[in-house]
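Order of listing sets the numbers, starting from 1, for every ligand and every atom in it. The first residue in the sequence is number 1, and the count goes up from there.
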Amino acid sequence: MGVSGSGKSTVAEELAEKLGIAFIEGDKLHPKSNVDKMSEGIPLTDEDRWPWLDLIGAELHKGRENNGVVVSCSALKKIYRDRLRKAAGGSLAFVYLDGSLELLSRRMGERKGHFMPLSLLQTQLATLEVPTGEPGVVTVSIDATPEDIAKNALAGLKAVTF
Ligand SMILES: Nc1ncnc2c1ncn2[C@@H]1O[C@H](COP(=O)(O)OP(=O)(O)OP(=O)(O)O)[C@@H](O)[C@H]1O
Ligand SMILES: O=C(O)[C@H](O)[C@@H](O)[C@H](O)[C@H](O)CO
């Protein structure tokens with residue numbers, strides 16, 4: 001989890017490979033209307049996000065029956081994470097990708113061919129409720145290589161408590 005440009009897709013893929021389990025790109029589960037909105041620089045509302053979060057929740061639930069799954073999802077607010085926890089049915093860990101505005105802007109600015117405009121980073125950060133203190137949360141700095149971030153995430157996940 002984390003804001004746009006924090007490296008969710010990059011790190012989740014790496015982590016899933018290390019864990020030997022499936023990876024699901026949460027962005028692919030957005031309805032077209034959400035992608036259209038974001039492409040136009042309009043932030044999503046809670047109402048836009050509920051159906052998408054429910055699709056992600058269903059994937060998490062399915063994943064539990066198949067050795068687990070890694071899903072990339074912004075999960076910006078506590079109510080969203082609690083909805084996912086409920087849908088997953090227990091033992092859902094969150095890896096929070098923590099980075100400065102400067103680094104996030106640079107990574108988003110350099111990324112090519114993605115629907116999410118840099119202009120939405122401010123509202124992403126304003127919407128973000130940092131998950132520190134919630135059960136099952138591992139916080140990792142994004143100021144490292146994807147390989148090292150995934151290693152740090154894995155080490156944190158081994159020690160995580162719910
Ligand atoms: N640790 C890293 N070091 C350098 N570049 C990175 C790192 N992690 C990700 N990137 C690059 O930063 C950009 C953003 O990463 P990525 O697309 O994985 O983020 P995201 O959180 O999934 O974003 P979004 O939610 O907007 O889809 C990409 O161009 C990616 O290649
Ligand atoms: O909750 C949200 O606002 C969205 O999930 C965004 O985070 C985008 O999907 C993502 O950043 C795409 O780049």
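Residue Ser4 touches ligand 2 through backbone and side chain together, judged by heavy-atom distances below 4.0 Å.
The closest protein non-hydrogen atom to atom 20 (P) of ligand 1 is Lys8 N, 3.4 Å. Summary of contacts: the protein heavy atom closest to atom 1 (N) of ligand 1 is Ala144 O, 2.8 Å. Shortest contact from atom 9 (C) of ligand 1 to any protein heavy atom: Thr10 OG1, 3.5 Å. Remark: minimum distance from atom 6 (C) of ligand 2 to any protein heavy atom is reached at Gln124 NE2, 3.6 Å. The protein heavy-atom contact nearest to atom 19 (O) of ligand 1 is Gly7 N, 3.0 Å. Distance from atom 26 (O) of ligand 1 to its nearest protein heavy atom, with residue and atom name: Ser4 OG, 2.5 Å. At the shortest separation from atom 10 (N) of ligand 1 among protein heavy atoms lies Arg107 CD, 3.8 Å.
Remark: Glu102 CD is loosely packed, at most 12 non-hydrogen atoms of other residues, nucleotides or ligands lying under 6.0 Å away. Taking a 6.0 Å sphere around CD of Glu17, one finds it holds 12 or fewer heavy atoms contributed by other residues, nucleotides or ligands. The 12-atom threshold is not exceeded at CD of Gln122, counting heavy atoms of other residues, nucleotides or ligands nearer than 6.0 Å.
Between Met116 and ligand 1, not a single N/O pair is under 3.5 Å apart. For ligand 1, the polar-atom distance check against Ile149 finds no nitrogen or oxygen pair separated by under 3.5 Å. Any N or O atom pair closer than 3.5 Å counts here, and Arg111 shares at least one such pair with ligand 1.
The Ser74 neighbourhood of ligand 2 comprises atoms 1 (O), 2 (C), 4 (C), 5 (O), 7 (O), with distances under 4.0 Å to a heavy atom of that residue. Within ligand 2, counting atoms from 1 as listed, the ones closer than 4.0 Å to a heavy atom of Arg49 are 1 (O), 2 (C), 3 (O). The contact set between ligand 2 and Met116, taken as ligand atoms under 4.0 Å from a residue heavy atom, comprises 11 (O), 12 (C), 13 (O). Every atom of ligand 2 with a heavy atom of Phe115 under 4.0 Å away is listed here by number and element: 12 (C). With ligand atoms numbered from 1 in the order given, ligand 2 contributes 12 (C), 13 (O) to contacts under 4.0 Å with heavy atoms of His114. For ligand 2, the atoms sitting less than 4.0 Å from at least one non-hydrogen atom of His30 are 4 (C), 5 (O), 9 (O), numbered in the order shown with element in parentheses.
Between Pro131 and the choices Lys77, Lys78, Met1, the side chain to side chain contact (heavy atoms under 4.5 Å, CB included) rule is met once, by Met1.
A salt bridge links Glu134 with Arg81: at least one charged nitrogen is closer than 4.0 Å to a carboxylate oxygen.
Note on ligand 2: Trp52 sits in its first shell, one or more heavy atoms being nearer than 4.0 Å.
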### Query
Under the side chain to side chain contact (heavy atoms under 4.5 Å, CB included) criterion, do Lys37 and Thr45 qualify, and how do the steps go?
CA-CA 10 Å; Lys37 243 181 139 169; Thr45 62; 4.1 Å; yes

